[in-house]
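Heads up: the structure comes next, in C-alpha cells.
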Amino acid sequence: MSTETTTAVEKKESLFSKKNRKLLTDPLDDSNPITVQVLGICSALAITVQVQQAVIMSLAVLFVMIGGNVIVSLMRNIIPDRIRIIVQLVVIASLVIIVDEVLKAYSPDISEKLSVFVGLIITNCIIMGRLEAFALGNKPGPAMLDAVGNAMGYAWILLAVALVREVFGSGAISFPGMGQVKFLPDSWFYANGGFYENNNLMILPPMALVTVGVIIWIQRARNRSLIEEN
Amino acid sequence: MAFNKNSNGYTFLFAIVMVVLVGAILASLSLSLKPLQKANEAEKKMMNILGAIGVPSERGAVESVFAEYVTERISIDSEGRQVNTMSGEVDPTNAGDPFNIDVQKDFRSKAPASELDFPLFACRKDGQDLYVVPVVGKGLWGPIWGYVALESDMETIHGAVFDHKTETPGLGAEIKEGFFQTPFKGKKISKVAPHFAVVKGGAPTTEYSVDGITGGTITSKGVGEMVDRTMGIYLKFFQSAPKAQK
C-alpha cells in the first residue's frame with residue numbers, strides 16, 4: 001500500500017525537485033510525526049489493538065490529511081492570522097463529517113467500522129500540526145506531498161505498534177479476507193495444557209506507549225542525528 | 001495584497017462567510033443523504049433481528065427475508081399490555097408501526113417507562129415460534145444495543161446479537177463477536193429478578209448468566225444490565241400473553 005502510493009505520486013510529479021521529494025520521505029524517518037515530532041500519540045494508543053483498525057485509521061487519516069492540507073494551502077492567502085486555527089479546525093471537521101455522512105449513505109458497512117475513528121481523526125494532532133506548520137505557508141502541490149508523507153509516516157508506526165500488540169496480546173491477527181492468522185500452535189496455549197499465555201497487558205493502552213518508546217529507542221540508536229545534544 | 005487580511009473587519013467577515021458557507025454545505029448534504037441513511041439503518045435493524053433468530057441475510061435483499069420470517073410486529077406498554085400489532089410490509093413512514101419505534105432514542109430521552117412503547121417481533125422459523133426483543137443500554141464509552149430471541153416458552157434464549165458504538169477494540173467491542181454471543185443460546189430468563197446477568201470473565205455461570213469478557217468488564221456488565229432491565233418489562237407481557245401460543 002505505502003510503496004504503491006509513493007511511487008505513483010513520484011512518477012506523476014517527477015518535475016518536482018529533490019527538496020520536494022524529501023517531503024515524502026522525511027516523515028517516514030527523520031521527521032516522523034509520531035516518533036520524532038511526537039504528534040498523534042493519542043490515536044496511536046487508542047487504535048493499535050488490532051492491525052485491521054490501524055489500517056482503516058491510517059487510510060482515513062491519509063484522506064483527511066490530503067484534503068485538509070490542499071484546501072488550507074489554497075486558502076492560505078485569505079485566512080486571517082488571528083483565526084487561522086479555528087479555520088483549520090473547521091476545514092478538518094467539515095471534511096470528516098462529509099466523509100462520514102457519505103459513507104453512512106452509500107457504504108454503511110465501512111461506516112460502521114469507521115464509527116469509532118471519526119472523532120479521533122478530528123482530534124488528531126498530526127493533521128492540525130501539518131496544516132499549521134506546512135500548508136499555511138506552501139503551495140498546494142508540496143502541501144499534498146507533505147500530507148502523503150506524514151500520513152505514511154503515521155501509518156507505518158501505527159501498523160508496527162498494532163502488529164506487536166495484536167500478536168502478543170491476542171496471539172493471532174484477524175484481518176478481513178485472511179481470517180485469523182495464528183503464529184503459535186494451539187497446543188502451546190496454557191488453556192490447552194501448554195505453557196504459553198497471551199499477554200493481556202499488551203491490549204491495554206499503556207503498552208502502546210511502551211511499544212512506541214521502543215520504536216523511538218531503536219530509531220535513535222540507528223539514526224544518531226536525532227539525538228538531542230544535551 | 002490589495003486588502004489587509006488582518007483587519008478586524010475582514011476577520012469578522014471571513015468568519016461569518018465561512019460559518020454560513022460550511023453550515024449550508026453540511027446541512028444540505030445531511031438533508032439530501034438522510035433518506036438513504038434511514039433506509040440503511042432500517043436494513044441493518046432487520047439484519048440484526050434476523051441475526052438474533054439465526055437467519056443470515058445480506059444488504060440489498062433483507063426486506064423479503066424479513067417479511068418471510070417475521071410474522072408480527074407488536075408494541076407493548078410498560079405494564080405488558082399489547083398496544084398495537086402489525087404484519088406485512090414494513091412502512092417506514094408509519095409512526096404507529098412497532099418496527100419504527102426508536103428504542104435507542106427512547107432510552108436516551110430518560111422518559112419514564114410508563115410513557116414508552118416497547119417493540120417485540122414475533123417470528124416463525126422452521127415451524128417454531130420465536131420472539132425477538134430489542135435491548136439497549138450503556139457500555140463504557142457509549143451506547144450498546146442488541147436483539148435477544150426467545151423461544152416459544154418465552155424463557156429460553158434462542159440467540160442474541162449485540163453491537164456497540166464506541167467500545168474499546170479488542171475488549172468491550174468483542175460483544176459483537178460470536179464467542180461472546182454464542183453462549184447466550186440455551187440460557188434462560190429468570191422469572192424473578194435478577195432476570196439475567198453477565199458475570200465477570202472466568203467466573204462460574206448459571207442457567208441465568210453468561211461469561212463476560214476479560215478486560216471488558218464494564219461493557220459486559222452493561223450487556224447484562226440491559227438484558228435484565230428490558231426482560232423485566234417484557235416478562236409482564238409474556239406472563240399475560242395467551243398461553244395458546246405455547
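Chain A is the first sequence line, chain B the second, and so forth, proteins listed ahead of strands; every chain is numbered from 1. Since the model is a prediction, treat every value here as computed from it, not as a measurement.
Note: I25(B) CD1 to I98(A) CD1 = 6.5 Å, rounded to the nearest 0.5 Å. Between atom OG1 of residue T11(B) and atom CD1 of residue I79(A) there is a gap of 11.5 Å, rounded to the nearest 0.5 Å. Atom CG in L26(B) sits 5.0 Å away from atom CD1 in I97(A) (nearest 0.5 Å). The CD1 atom of I83(A) sits 9.0 Å away from atom CZ of F12(B), with the distance rounded to the nearest 0.5 Å.
Proximity to chain A is absent for every atom of K34(B), based on heavy atoms less than 4.5 angstrom apart. Heavy atoms of S7(B) lying under 4.5 Å from chain A belong exclusively to its backbone. The part of Q50(A) that comes within reach of chain B is its side chain, from C-beta onward, which places non-hydrogen atoms under 4.5 angstrom from that chain. With a 4.5 Å cut-off on non-hydrogen atoms, V91(A) does not touch chain B at all.
Looking at heavy atoms from C-beta onward, P108(A) lies in side-chain contact with R59(B) at the 4.5 angstrom threshold. With a 4.5 Å cut-off on side-chain heavy atoms, L33(B) and K104(A) do not count as touching. At least one side-chain heavy atom of F14(B) sits under 4.5 Å from a side-chain heavy atom of V87(A).
Applying the 6.0 Å contact sphere to OH of Y208(B) captures more than 12 heavy atoms from other residues, nucleotides or ligands. Environment of CD1 in I85(A): crowded, with over 12 heavy atoms of neighbouring residues, nucleotides or ligands closer than 6.0 Å. Around the NZ atom of K138(B), the shell of radius 6.0 Å holds no more than 12 heavy atoms that belong to other residues, nucleotides or ligands. When the shell of 6.0 Å around CD of Q219(A) is examined, it contains more than 12 heavy atoms from other residues, nucleotides or ligands. In K221(B), the NZ atom is not crowded: 12 or fewer heavy atoms of neighbouring residues, nucleotides or ligands sit closer than 6.0 Å.
Between V22(B) and V90(A) the shortest heavy-atom distance is CG2-CG1, 3.8 Å.
Across L171(B), D163(B), L36(B), the residue that shares the most heavy-atom pairs under 4.5 angstrom with chain A is L36(B).
In this structure, Q37(B) contributes its side chain and E101(A) its backbone to a donor-acceptor pair below 3.5 Å. In terms of modelled atom types and a separation under 3.5 Å, the side chain of D81(A) and the main chain of N6(B) share no donor-acceptor contact. Judged by distance alone, the side chain of Y10(B) and the main-chain N or O of I78(A) form a donor-acceptor pair under 3.5 Å.
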Next item on the list: Could you go through the side chain to side chain contact (heavy atoms under 4.5 Å, CB included) check for N8(B) and R82(A) one step at a time?
Entry: CA-CA 9 Å; N8(B) 284 344; R82(A) 271 175 293 172; 3.0 Å; yes
